[in-house]
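Below, read A as the first sequence line, B as the second, and so on, with proteins coming before strands; counting in each chain starts at 1. Computed over heavy atoms, backbone and side chain alike; hydrogens, waters and symmetry mates excluded.
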2 protein chains.
Amino acid sequence: MRILAERADIIPQLAEVFRTFGYEGTSLSRITERTGLGKGSLYHFFPGGKEEMASAVLADIDDWFEREVFTPLLRETPENGLAGMWKAVRCYFQSGGRICLVGAFALDGTRDRFAAGIAGYFGRWTGALTTTLVRAGWTDRAAEDAARDAVLGIQGALVLARAMNDPALFSGAVDRLEARLRQPAPSR
Amino acid sequence: MRILAERADIIPQLAEVFRTFGYEGTSLSRITERTGLGKGSLYHFFPGGKEEMASAVLADIDDWFEREVFTPLLRETPENGLAGMWKAVRCYFQSGGRICLVGAFALDGTRDRFAAGIAGYFGRWTGALTTTLVRAGWTDRAAEDAARDAVLGIQGALVLARAMNDPALFSGAVDRLEARLRQPAPSR
DNA sequence: TACATATTGTACCTATCGGTACATTCAAGG
DNA sequence: CCTTGAATGTACCGATAGGTACAATATGTA
């Protein structure tokens with residue numbers, strides 16, 4: 001067994017730091033402070049420095065969603081896939097207590113640095129959700145709109161919940177988003 | 001007439017810098033570069049430095065929404081108030097080409113610095129919108145939920161549009177949000 | 001024109017930024 | 001053991017961060 005750190009162990013801690021302070025607000029000294037790892041270790045695991053650290057975090061998030069959300073959405077029945085997605089979303093974002101790092105990075109200049117990863121994450125999410133809704137009987141157009149509205153609703157709920165410092169706001173919004181995707185043919 | 005700068009002239013330029021780089025990513029040198037004003041002028045108008053600059057920008061945004069959105073919402077007929085809000089939203093966010101600084105600040109550590117202002121902005125927005133919907137015949141509960149969903153939808157649409165680098169995505173989402181508020185009694 | 005005030009440019013300060021170099025320590029395999 | 005390579009701590013680098021001090025300049029008014 002290893003006592004020393006492994007790259008994979010560090011990534012969740014890095015993610016928390018970036019989530020807390022944003023990309024620009026995250027300094028190496030803050031990373032050291034939160035992870036207990038000096039620059040020596042940090043640059044050993046991530047020779048590309050801060051940018052590679054953030055990149056690794058994004059890739060890790062991407063993997064998690066691919067495994068826990070996107071793939072189930074496409075492989076299981078639409079009902080199970082959707083149920084799994086909402087459960088995963090509530091769990092991952094800790095009922096509104098944790099923000100989406102990908103969304104946060106998208107808003108400022110950090111986006112340019114990770115444009116491909118950010119667009120890929122949201123593209124595959126809305127894509128998988130659209131496909132699922134079509135399989136559930138929605139028309140192509142309605143499914144695409146509804147998928148975007150769901151994903152964007154989650155992001156907006158995270159913004160609003162954090163702005164108002166009220167995580168319950170996230171839970172309530174997610175309940176309504178989930179309900180909206182359950183009616184097979186949209187009434188509007 | 002004055003040739004030298006006035007505080008009010010600087011604020012929109014400051015807003016653009018903060019929008020582009022975020023609070024932490026905005027350095028004094030970048031502000032100087034974009035505004036053409038040296039540290040002398042900057043600290044003359046904003047003795048509190050960067051924090052006061054961002055604070056002034058937030059207050060300016062707040063004023064604009066108060067004047068152009070919240071007040072009309074409460075003073076005019078619900079139909080006119082709502083129509084005005086959607087027009088103002090499309091215009092202000094430049095059809096998805098411009099993000100909401102208040103929402104961006106809410107997501108990272110910057111929130112703690114401006115917590116009151118950020119919560120106030122979103123609180124007054126959802127509050128005015130709730131009141132308007134009640135006046136339009138919605139039940140209290142449905143109005144409150146719908147108001148939150150609309151505001152959060154706008155924020156999420158900005159995130160998604162920027163993430164996908166597709167401003168049209170914002171316009172489409174706003175069309176649907178507007179339509180959803182138009183049906184007096186929600187079908188669900 | 002002369003004065004008072006508002007505005008601006010220059011020089012400088014300390015702290016910290018991201019990053020590098022490298023010697024040291026550690027764990028495991030032969 | 002002893003070697004080897006992964007992992008780490010320490011010291012350091014130039015650049016830039018936010019901020020201050022203050023002299024110089026511009027402006028409106030008497």
Checklist entry - Under 4.5 Å between side-chain heavy atoms, hopping through other hydrophobics if needed: is there a path connecting A/Phe21 to A/Phe46? => result yes

Item to complete: Pull out every residue in residues 108-117 of chain B that has a heavy atom closer than 4.0 Å to any atom of DNA chain D, ordered by number, or say none.
Response: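 None, since no heavy atom is under 4.0 Å.
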
Going by number, which of residues 13-41 of chain A have a non-hydrogen atom under 4.0 Å from DNA chain D?
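Within this stretch, A/Gly38, A/Gly40, A/Ser41 sit under 4.0 Å of the strand.
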
Review point. Quick one: is D/dT8 close enough that its OP1 or OP2 comes under 4.0 Å of any side-chain N or O from A/His44?
Key: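 So the side chain of A/His44 is outside the cut-off, no N or O lying under 4.0 Å from OP1 or OP2 of D/dT8.
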
Table please: side-chain donor-acceptor pairs of residues 55-63 of chain A below 3.5 Å, with sequence neighbours left out.
unit_1	atom_1	unit_2	atom_2	d
A/Asp62	OD1	A/Arg124	NH1	3.1
A/Asp62	OD1	A/Arg124	NH2	2.6
A/Asp62	OD2	A/Arg124	NH2	3.2

| Separation of A/Leu14 CG from A/Asp9 CG (nearest 0.5 Å) |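 Rounded to the nearest 0.5 Å, the CG-CG separation comes out at 11.0 Å.
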
Query raised in the report: Looking for any heavy atom pair under 4.0 Å, which part of the strands does B/Tyr43 touch: base, sugar-phosphate only, or nothing?
Result: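 Base contact.
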
Take atom [atom1] of [X] and atom [atom2] of [N], then tell me their distance rounded to the nearest Å.
X: B/Leu42; N: D/dC22; atom1: CG; atom2: P; value: 20 Å
X: B/Lys50; N: D/dG19; atom1: NZ; atom2: P; value: 8 Å
X: B/Glu51; N: D/dG18; atom1: CD; atom2: C1'; value: 12 Å
X: A/Glu6; N: D/dA7; atom1: CD; atom2: P; value: 7 Å

- [ ] Only pairs at least two apart or in different chains count here, so list each side-chain hydrogen bond (donor to acceptor under 3.5 Å, both in side chains) that has a residue in residues 20-34 of chain B.
- [x]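 For residues 20-34 of chain B: B/Ser27-B/Ser29.
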
| request: Please work out which of the three classes, parallel, tilted or perpendicular, describes the rings of A/Trp125 and A/Tyr121, given edges at 30° and 60°. | output: perpendicular

With under 30° as parallel and over 60° as perpendicular, where do the rings of A/Phe65 and A/Tyr92 fit, or are they tilted in between?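 Plane angle over 60°, so perpendicular.
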
Under 3.5 Å, sequence neighbours excluded: what are the donor-acceptor pairs made by side chains of residues 157-170 of chain B?
unit_1	atom_1	unit_2	atom_2	d
B/Arg162	NE	A/Ala106	O	2.7
B/Arg162	NE	A/Leu107	O	3.2
B/Arg162	NH2	A/Asp108	O	3.0
B/Asn165	OD1	A/Arg111	NH1	3.3
B/Asp166	OD1	B/Ala168	N	3.2

Pairing residues for B/Glu68 by the side chain to side chain contact (heavy atoms under 4.5 Å, CB included) criterion, not counting sequence neighbours =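 If we apply the side chain to side chain contact (heavy atoms under 4.5 Å, CB included) test to B/Glu68, skipping adjacent residues, the hits are B/Trp64.
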
